Amino acid sequence: MLHYALAAFDACSEFAQTVLVLAPDDNHFDGRRFGTLRFAVRRCGGPSRHASVLGGLQALTEFGAQDSDWVLVHDAARPGITPELIRTLVGALRDDPVGGILALPVADTLKREQTATGKRELTALAAIGATESRDGLWQAQTPQMFRLGMLRHALEDALAAGAEVTDEASAIERIGHAPKLVRGSLRNFKVTYPEDFALAEAFLGTARSA
């Protein structure tokens, strides 16, 4: 999965640098398996996505990136990203004062699970507590694209306040901005559950044979 994600960014020669953020104790990564793909490895990952992205931003600064530079944050668990999708995002946002994300309008009817604690339970059997309106709802994807300085400020502010942010856009929203939604693709889904691997292989296998 990581190879596909890195290859998509490597194909976009307009990027000055791609940083792969790993956990300090990651013993599985072997850069020799990635051939001539252009990227730098930094073992600055933290206990959360929030902390890992902050580490990645610091790494980009060490490479010479400025606060005014655009930065794109992508989940390695989304191997279906393509150079075309990346360039669509960049083209739509390059002149925007804030930035934005790839996303898809929600197509399914949404059900809220009925639980005693209010916490999400990943069980095979659960009761429906409510049906939620899907009007105006979008499913967030990555990459998410913002100015480096603005994103760092938003993440640091949330961290200082003890606020939980689940993606970069929510941190930007928290400080009063309205990121744009740029239509993404179903193939750019996040591999989360065991059965997702077969679906990812189907997408990527089709891409290889095209």
Side-chain angles (χ1 to χ4, degrees), residues 1-15 18-23 26-41 45 48-49 52-53 56 71-93 100-113 120-126 128 131-145 166-170 179-210:
M1 292 197 301
L2 183 55
H3 189 283
Y4 280 104
L6 287 171
F9 284 90
D10 180 71
C12 298
S13 59
E14 56 266 44
F15 292 121
T18 299
V19 172
L20 173 61
V21 175
L22 298 177
D26 187 313
N27 297 317
H28 302 288
F29 178 78
D30 183 355
R32 294 171 298 181
R33 301 176 61 185
F34 294 82
T36 60
L37 295 182
R38 300 172 297 117
F39 62 94
V41 176
S48 65
R49 174 196 178 111
S52 296
V53 172
V71 60
L72 280 72
V73 181
H74 184 64
D75 295 326
R78 295 183 185 273
I81 188 63
T82 64
E84 293 74 23
L85 280 171
I86 295 170
R87 290 190 171 112
T88 294
L89 180 70
V90 171
L93 300 176
I101 69 174
L102 287 179
L104 281 177
V106 172
D108 297 320
T109 298
L110 299 177
K111 303 293 184 182
R112 184 176 296 279
E113 180 182 353
R120 185 183 183 194
E121 297 180 2
L122 297 179
T123 59
L125 182 64
I128 294 174
T131 298
E132 305 288 349
S133 173
R134 67 189 177 196
D135 291 346
L137 293 182
W138 290 60
Q139 183 178 348
Q141 298 184 336
T142 64
Q144 303 199 354
M145 174 175 162
T166 55
D167 67 349
E168 294 68 53
S170 58
K180 299 298 189 301
L181 295 163
V182 179
R183 191 179 184 94
S185 168
L186 282 172
R187 65 166 286 134
N188 189 32
F189 75 99
K190 187 175 183 178
V191 176
T192 306
Y193 305 110
E195 57 267 29
D196 290 342
F197 286 97
L199 182 57
E201 288 177 356
F203 272 120
L204 298 172
T206 299
R208 284 195 302 267
S209 61

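Note that this is a predicted model, so its numbers are computed, not measured.
In this structure, the separation between CG on Leu22 and OG on Ser52 is 9.5 Å, given to the nearest 0.5 Å. Taken to the nearest 0.5 Å, the CD1 atom of Ile128 stands 10.0 Å off from the CD atom of Glu113. Here the CG-OG1 distance, from Leu102 to Thr88, works out to 8.0 Å after rounding to the nearest 0.5 Å. With rounding to the nearest 0.5 angstrom, the CZ atom of Phe189 is 12.5 Å from the CG atom of Asp75.
Thr18 has its side chain out of reach of His74: every pair of non-hydrogen atoms, C-beta onward, lies at least 4.5 Å apart. Two residues are said to be in side-chain contact when any heavy atoms from C-beta on lie closer than 4.5 Å; Pro179 and Met145 fail this criterion. Met1 has its side chain out of reach of Leu204: every pair of non-hydrogen atoms, C-beta onward, lies at least 4.5 Å apart. Side-chain atoms of Val182 and Ile101, non-hydrogen and from C-beta on, never get closer than 4.5 Å to each other.
Crowding of Lys180 atom NZ: a count of heavy atoms from other residues, nucleotides or ligands under 6.0 Å exceeding 12. Counted within 6.0 Å of CZ on Arg38, heavy atoms from surrounding residues, nucleotides or ligands total more than 12; the atom is thus considered enclosed. More than 12 heavy atoms of other residues, nucleotides or ligands sit less than 6.0 Å from atom CZ of Arg87. Residue Phe197 places its CZ atom among 12 or fewer non-hydrogen atoms of other residues, nucleotides or ligands, all under 6.0 Å distant.
Between Phe34 and His3, the two ring planes are parallel [angle under 30°; tilted spans 30° to 60°].
Judged purely by atom type and a 3.5 angstrom limit, Asp10 has no side-chain atom pairing as donor or acceptor with the backbone of Leu6. With Asp26 contributing its side chain and His28 its backbone, the two residues share a donor-acceptor pair below 3.5 Å. Of the possible polar contacts, none joining the Gln141 side chain to the Gly184 backbone as a donor-acceptor pair under 3.5 Å is found. The main-chain N or O of Arg32 is found under 3.5 Å from a side-chain atom of Asp30 such that the two form a donor-acceptor pair. Between the side chain of Glu132 and the backbone N or O of Leu110 there is no donor-acceptor pair closer than 3.5 Å.
In terms of heavy-atom proximity, Arg49 sits nearest to Thr142 at NH2-CG2, 3.7 Å. Shortest non-hydrogen contact noted between Lys190 and Asp196 is O-OD2, 3.7 Å. Of all heavy-atom pairs spanning Ala200 and Val191, the tightest one is CB-CG2, 4.0 Å. The nearest pair of heavy atoms linking Asp167 to Ala140 is OD2-CB, 4.0 Å.
Applying the side-chain contact (heavy atoms from CB on, under 4.5 Å) rule to Phe15 yields the partners Phe9, Cys12, Leu72, Ile86, Val90; only residues at least two apart in sequence or on another chain are considered. For Thr82, the side-chain contact (heavy atoms from CB on, under 4.5 Å) partners are Glu84, Leu85, Arg187, not counting sequence neighbours.
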